[in-house]
Trainee: 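This is the structure, below, for whatever I ask next.
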Amino acid sequence: MVCRFSTKLLNICIASLCKVGQLEKAEAVVIDGIRLGLLPDVVTYNTLLSAYSRFVGIDAAYSVIHRMKEAGISPDVITYNSLIAAATKRCLLSRSLDLFEEMLRTGIRPDVWSYNSLMHCFFKLGKPDEANRVFQDIILTNLLPSSSTFNIMINGLCNNGYTGYALSLYRYLQRQGFVPELVTYNILINGLCKSRKLNAARRILRELGESGNVPDAITYTTVMKCCFRSRQFEQGFEIFSEMKSKGYAFDAFSYCAVIAALTKTGRLEEANDIMEQMARSDIDLDIVSYNTVMNLYCRNGKLEATYKLLDEIEEHGLECDEYTHTILIDGLCKAGNVEGALRHLKNMTKMGFDSTLVAQNCVIDGLCKVGQLDHAIKMFASMEVKDSFTYSSMVHNLCKARRYRHASRLLLACLRGGMKILRANQRSVIDGLCYSGYTSEARRLKSKIRLARILHY
DNA sequence: GTAGGGTTAG
């Protein structure tokens with residue numbers, strides 16, 4: 001009895017160290033405990049596992065599960081739930097599904113937390129129907145849904161393009177007595193902003209204010225980002241200032257949102273100021289923060305500093321992602337080094353990145369800017385996937401070279417594919433055709449554009 | 001032991 005009580009105390013001590021990421025000290029306490037004859041139990045290992053997953057990585061978390069098995073302690077539902085949630089968070093979705101099956105195989109009964117994670121996983125996989133089936137299972141069986149069940153459901157519906165359903169579910173649940181939490185409001189505001197339902201988003205923001213909840217840094221970042229997305233930059237920057245004056249702590253999310261927006265609008269000095277503020281703070285930079293800074297360096301034309309940053313990323317044990325490489329490729333293009341950009345694009349393909357579309361678009365534009373239009377046309381023809389940026393770039397540059405009939409063909413191909421193209425580009429093609437005497441072609445193009453608009457909007 | 005916000009191109 002005395003011994004069990006002491007292990008409990010030991011676990012409390014370990015948990016408090018794990019909470020602040022002091023993993024070495026926590027491990028030392030485990031060893032001290034063993035010396036005193038207090039063997040770690042399932043709670044000890046679960047505590048360590050979630051801390052390793054949070055502060056180190058998923059592999060470190062897996063090694064804890066091996067350690068506990070070696071010590072003869074069986075993982076329980078909490079062990080599996082932690083691992084499944086960690087895998088889902090990192091988009092290792094097949095691992096999450098495997099773990100869920102493994103849990104069933106070993107005879108551990110999943111609880112509502114396990115089902116919540118499974119639902120989240122299906123949403124991330126872009127399988128809303130399967131997620132919905134899990135949701136129905138939770139509702140129809142004896143499992144009591146938690147508020148997170150509803151939050152995950154609302155968020156998943158939003159992320160899979162069903163904001164309308166998300167909103168109806170939210171209203172229905174409210175009528176059933178569900179009291180939304182701050183997270184619920186943040187989820188809805190974000191989902192509605194992303195699908196450009198700004199009036200609905202404003203309504204939810206108002207409801208949040210009336211609910212007695214206080215918006216947090218996430219609410220602010222969400223609304224700020226929403227302004228940037230709808231090109232209301234001044235309003236977004238005002239929100240950033242408001243956050244500051246109200247004493248909210250900035251984290252990497254809010255810093256990156258505002259630095260990126262300042263960079264995009266060419267307000268580089270202000271962007272540099274804020275970037276330095278972020279560097280001076282005690283925030284650990286992750287890959288997204290590095291990408292944001294790197295993009296700013298590229299815009300400043302500081303390619304050497306950019307390469308130094310790449311070393312720094314490596315030194316910190318972080319991995320460059322699709323964004324990092326794309327930003328570098330664009331930076332090389334903007335500096336006129338298209339050869340370098342092409343080389344790096346090849347590397348990127350070799351590295352096995354799924355999508356290099358944005359990077360290819362940057363190179364197409366770069367080639368045109370250095371006068372290699374025919375090279376760009378060749379590259380364009382060889383691309384398997386194209387989007388509206390690809391077409392816009394080509395149309396714009398063909399017009400600049402007065403090759404209006406070629407531009408007109410691409411413009412039509414773009415519209416036929418259901419993609420939008422900048423009005424300014426459409427205008428240039430029509431005006432160019434008229435100017436060079438192809439008036440009837442210009443007329444035909446106009447009517448085809450009108451038809452495409454009717455068909456696709 | 002879950003759920004929410006941030007980075008790239010015309």
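The figures here come from the full heavy-atom set of this structure, side chains too, leaving out hydrogens, waters and symmetry mates. Here is how names work: the chains are called A, B, and so on, in the same order as the sequence lines, proteins then strands, and each is numbered from 1.
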Trainee: Base, sugar-phosphate or nothing for A/Asn425? Non-hydrogen atoms, less than 4.0 Å.
Mentor: nothing
Trainee: Would you indicate what A/Asn46 reaches in the nucleic acid, counting non-hydrogen atoms under 4.0 angstrom: base, sugar-phosphate, or nothing?
Mentor: nothing
Trainee: Is there a side-chain contact between A/Lys225 and the phosphate of B/dT7, meaning an N or O under 4.0 Å from OP1 or OP2?
Mentor: yes
Trainee: Checking contacts here: which listed nucleotide (B/dG6, B/dT8, B/dA9) is nearest the side-chain heavy atoms of A/Asn361?
Mentor: B/dA9
Trainee: Describe the nucleic acid contact of A/Asp216 in one word from base, sugar-phosphate, nothing, applying a heavy-atom distance below 4.0 Å.
Mentor: base
Trainee: Can you tell me the distance, in whole Å, between the NZ atom of A/Lys194 and the P atom of B/dT7?
Mentor: 9 Å
Trainee: A/Lys89 side chain: which of B/dA9, B/dA3, B/dG5 is closest?
Mentor: B/dA3
Trainee: Mind calculating the distance between CE (A/Met153) and C1' (B/dT2) to the nearest angstrom?
Mentor: 16 Å
Trainee: Base, sugar-phosphate, or nothing: which does A/Thr222 touch, judged by heavy atoms less than 4.0 Å apart?
Mentor: sugar-phosphate
Trainee: Can you say whether a donor on the side chain of A/Thr292 sits under 3.5 Å from an acceptor on the base of B/dT7, or the other way round?
Mentor: no
Trainee: B/dT2 P sits how many Å from A/Leu144 CG, rounded?
Mentor: 19 Å
Trainee: Phosphate oxygens OP1/OP2 of B/dG5: is one of them under 4.0 Å from a side-chain N or O of A/Asn190?
Mentor: yes
Trainee: Please work out if A/His120 contacts a base, only the sugar-phosphate, or nothing of the nucleic acid, heavy-atom cut-off 4.0 Å.
Mentor: sugar-phosphate
Trainee: Applying a 4.0 Å non-hydrogen cut-off, can you work out what A/Ala252 is touching in the nucleic acid: base, sugar-phosphate, or nothing?
Mentor: base
Trainee: Going by side chain to side chain donor-acceptor pair (under 3.5 Å), A/Ser289 matches just one of A/Asp286, A/Thr292, A/Asn291. Which one?
Mentor: A/Asp286
Trainee: Taking atom P of B/dA9 as reference, at what distance in whole Å does atom CG of A/Leu345 sit?
Mentor: 16 Å
Trainee: Tell me whether the guanidinium CZ or amine NZ of A/Lys386 lies under 6.0 angstrom from the six-membered ring centre of A/Phe380 and within 45° of its axis.
Mentor: yes
Trainee: Determine whether the aromatic ring centres of A/Tyr307 and A/Tyr297 lie less than 6.0 Å apart.
Mentor: no
Trainee: Can you identify which nucleotide, out of B/dA9, B/dG6, B/dT7, has its nearest atom closest to the A/Val358 side chain?
Mentor: B/dA9
Trainee: Can you tell me whether the side chain of A/Thr221 and the base of B/dG5 have a donor-acceptor pair closer than 3.5 Å?
Mentor: yes
Trainee: Hey, do the aromatic rings of A/Phe100 and A/Tyr115 have their centres closer than 6.0 Å?
Mentor: yes
Trainee: Can you check whether any acceptor in the base of B/dG6 is under 3.5 Å from a donor in the side chain of A/Asp286, or vice versa?
Mentor: yes
Trainee: Where the side chain of A/Ser388 is concerned, which of B/dG10, B/dT2, B/dG5 is the nearest nucleotide?
Mentor: B/dG10
Trainee: Does B/dG6 have OP1 or OP2 sitting under 4.0 Å from an N or O in the side chain of A/Arg229?
Mentor: yes
Trainee: Looking at A/Thr390 and B/dG10, is any side-chain donor or acceptor paired with a base atom of the opposite kind under 3.5 Å?
Mentor: no
Trainee: Nearest to the side chain of A/Ser289, which nucleotide is it out of B/dG6, B/dG5, B/dT2?
Mentor: B/dG6
Trainee: Checking all strands, does A/Gln360 fall into the base, sugar-phosphate, or nothing category for heavy-atom contacts under 4.0 angstrom?
Mentor: nothing
Trainee: Between B/dT2 atom P and A/Leu49 atom CG, what is the distance in whole Å?
Mentor: 11 Å
Trainee: Which part of the nucleic acid, if any, lies within reach of A/Ala86 when heavy atoms closer than 4.0 Å are counted: base, sugar-phosphate only, or nothing?
Mentor: nothing
Trainee: Return the value, rounded to whole Å, for the distance between atom CZ of A/Phe389 and atom P of B/dA9.
Mentor: 8 Å
Trainee: Flag the pair A/Lys334 and A/Asp365 as a salt bridge only when some basic side-chain nitrogen lies within less than 4.0 angstrom of an acidic carboxylate oxygen.
Mentor: no
Trainee: Please state whether the rings of A/Phe150 and A/Phe178 are parallel, tilted or perpendicular, taking 30° and 60° as the class boundaries.
Mentor: perpendicular
Trainee: Determine whether a donor-acceptor pair (one donor, one acceptor, N or O, separation below 3.5 Å) exists between the side chain of A/Ser146 and the base of B/dT2.
Mentor: yes
Trainee: Where the side chain of A/Ile218 is defined as all heavy atoms beyond and including C-beta, which of B/dG10, B/dG5, B/dA3 is the nearest nucleotide?
Mentor: B/dG5
Trainee: Would you kindly check whether a donor in the side chain of A/Ser392 faces an acceptor in the base of B/dG10, or vice versa, at under 3.5 angstrom?
Mentor: yes
Trainee: Starting at atom CG of A/Asn151, determine the distance to atom C1' of B/dG5, rounded to an integer number of angstrom.
Mentor: 15 Å
Trainee: Can you check the A/Leu296 CG to B/dG6 P distance for me, whole Å?
Mentor: 19 Å
Trainee: Using a cut-off of less than 4.0 Å, is there contact between a side-chain N or O of A/Lys334 and OP1 or OP2 of B/dG10?
Mentor: yes
Trainee: Should A/Glu234 and A/Arg267 count as an ion pair when the cut-off is N to O under 4.0 Å?
Mentor: yes
Trainee: Kindly say whether, by distance alone, the side chain of A/Asp251 makes a donor-acceptor pair under 3.5 Å with the base of B/dG5?
Mentor: yes
